[in-house]
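Just so it is clear, the model here is predicted, and its values are computed rather than measured. First listed ligand is number 1; within each ligand, the first listed atom is number 1. In what follows, residues are counted from 1 in the order of the sequence shown. The basis for the numbers below is simple: all heavy atoms, side chains too, and nothing from hydrogens, waters or symmetry mates.
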Amino acid sequence: MKRNADLPPGQYESVTFPRFGLASFANKFPKEIDRTRISIVGDVRHEITLEAELEGLRCVEQMSDFHCVTTWSHRGLRWSGFRFSEFYQQLVVPLALPSSGVDFVVLRGQDGYRSSLPLADLLASDVLLADRLNDEPLSIAHGAPLRLVAPAHYGYKSVKHIAQIEFRCGSVGYRASGFGRMSHPRARVAYEERGRWAPGRVLRYLYRPLVRPTTLLFELGLQRYLTSIGKGK
Ligand SMILES: Nc1nc2c(c(=O)[nH]1)N[C@H]1C(S)=C(S)[C@@H](COP(=O)(O)O)O[C@H]1N2
Ligand SMILES: [Mo]
């Protein structure tokens with residue numbers, strides 16, 4: 001890894017893009033990668049499952065950098081998929097009829113991981129639901145069949161293997177995966193909002209030593225899994 005002055009505060013450039021996450025998810029994988037289905041639940045009039053409807057959305061491409069809270073950043077990823085804002089306006093609003101007070105969204109992956117963002121942050125034009133990375137279908141490592149990409153927020157908000165999206169009025173009672181009490185409600189990279197209870201400038205030094213062991217744990221988990229399904233090297 002090397003330092004890079006024009007990265008957000010406290011970040012290093014990583015030349016590789018590792019499979020990464022909370023240690024407890026290193027050995028968890030999606031059950032269904034050939035089919036994209038998202039269930040819409042919460043404060044909505046109709047709880048629905050979207051599948052064929054997704055194909056009607058406009059496909060967009062975007063280059064963005066990816067910033068993990070543990071201080072590694074990988075630059076210049078080319079994602080394609082659809083804009084979360086268009087997904088919300090064109091499918092969720094007319095088909096699920098969210099309550100007028102909906103302002104908080106919980107996203108859940110097929111591996112059981114969950115994270116949240118304010119609805120307003122998800123409606124930013126650089127937030128995608130991506131199904132391709134660098135001109136190839138999304139791999140299991142990086143979130144097949146569909147993941148969130150929210151480049152202005154730390155990677156822990158970009159839920160992989162999306163299965164369910166819950167639209168809620170407020171966040172009362174919600175707790176994020178893992179060290180849930182640590183996770184920041186917005187986690188904006190530009191403001192170094194790494195966590196809720198300690199300043200970002202302090203957390204960088206606590207998180208950085210986790211990069212190597214976590215990368216290794218996630219790589220081993222993936223190799224073991226690919227071997228078990230007959231796709232290993
Ligand atoms: N479903 C799911 N999504 C997840 C995670 C996870 O373990 N499971 N980890 C998060 C974290 S902490 C990071 S940094 C990014 C890593 O994305 P990558 O594996 O594509 O590098 O995914 C995020 N989304
Ligand atoms: Mo992360």
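- Salt bridge E192/R201: absent, no basic N to carboxylate O contact under 4.0 Å.
- Heavy-atom proximity to atom 19 (O) of ligand 1, evaluated over K28, K157, K160, H142, is greatest for K160.
- Residue contact check: V159 has heavy atoms under 4.0 Å from atoms 3 (N), 24 (N) of ligand 1.
- Of the possible donor and acceptor atoms, one in the side chain of S14 sits under 3.5 Å from a partner among the backbone N and O of T16.
- Taking a 4.0 Å cut-off on heavy atoms, A26 fails to register as neighbouring ligand 1.
- Heavy atoms of Y113 found under 4.0 angstrom from ligand 1 belong exclusively to the side chain.
- Distance from atom 7 (O) of ligand 1 to its nearest protein heavy atom, with residue and atom name: F25 CB, 3.4 Å.
- Residue H161 approaches ligand 1 through these ligand atoms, each under 4.0 Å from one of its heavy atoms: 1 (N).
- Of all protein heavy atoms, the one lying nearest to atom 16 (C) of ligand 1 is F20 O, 3.5 Å.
- Judged by distance alone, the side chain of D111 and the main-chain N or O of K28 form no donor-acceptor pair under 3.5 Å.
- Protein heavy atom in closest approach to atom 14 (S) of ligand 1: C68 SG, 3.6 Å.
- The backbone N or O of R78 sits less than 3.5 Å from a side-chain atom of N134, completing a donor-acceptor pair.
- Of the protein's heavy atoms, D111 OD2, 3.3 Å lies nearest to atom 2 (C) of ligand 1.
- In this comparison of S139, G21, S177, G155, the heavy atom closest to atom 23 (C) of ligand 1 sits on G155.
- A salt bridge links E32 with R37: the distance from a Lys NZ or Arg NE/NH1/NH2 to an Asp or Glu carboxylate oxygen falls below 4.0 Å.
- Pairs passing the ring-ring contact (aromatic ring centres under 6.0 Å, His included) check and including a residue from residues 105-126, sequence neighbours excluded, read F25-Y113.
- Taking a 4.0 Å cut-off on heavy atoms, F66 registers as neighbouring ligand 1.
- For atom 21 (O) of ligand 1, the closest non-hydrogen atom on the protein side is P18 O, 2.7 Å.
- No hydrogens or angles considered: a donor-acceptor pair under 3.5 Å links the side chains of T71 and R208.
- Contacts between F17 and ligand 1, counted as non-hydrogen atom pairs separated by less than 4.0 Å, involve the side chain only.
- Proximity to A141 (heavy-atom distance under 4.0 Å) selects the following atoms of ligand 1: 19 (O).
- With S115 contributing its side chain and Y156 its backbone, the two residues share a donor-acceptor pair below 3.5 Å.
- Panel note: side chain K157, backbone S116; a donor-acceptor pair is recorded below 3.5 Å.
- Ring-plane geometry between H142 and F17 is classed as parallel, the angle between the planes falling under 30 degrees on a 0 to 90 degree scale with a further cut at 60.
- Heavy atoms of S115 found under 4.0 angstrom from ligand 1: none, in either backbone or side chain.
- Of the candidates R19, R147, R114, it is R147 that places a heavy atom closest to atom 17 (O) of ligand 1.
- Among protein heavy atoms, atom 24 (N) of ligand 1 sits closest to S158 O, 3.0 Å.
- Legend: residues meeting ring pair (Phe, Tyr, Trp, His ring centres under 6.0 Å) with Y191, ordered by chain and number and at least two apart, are absent.
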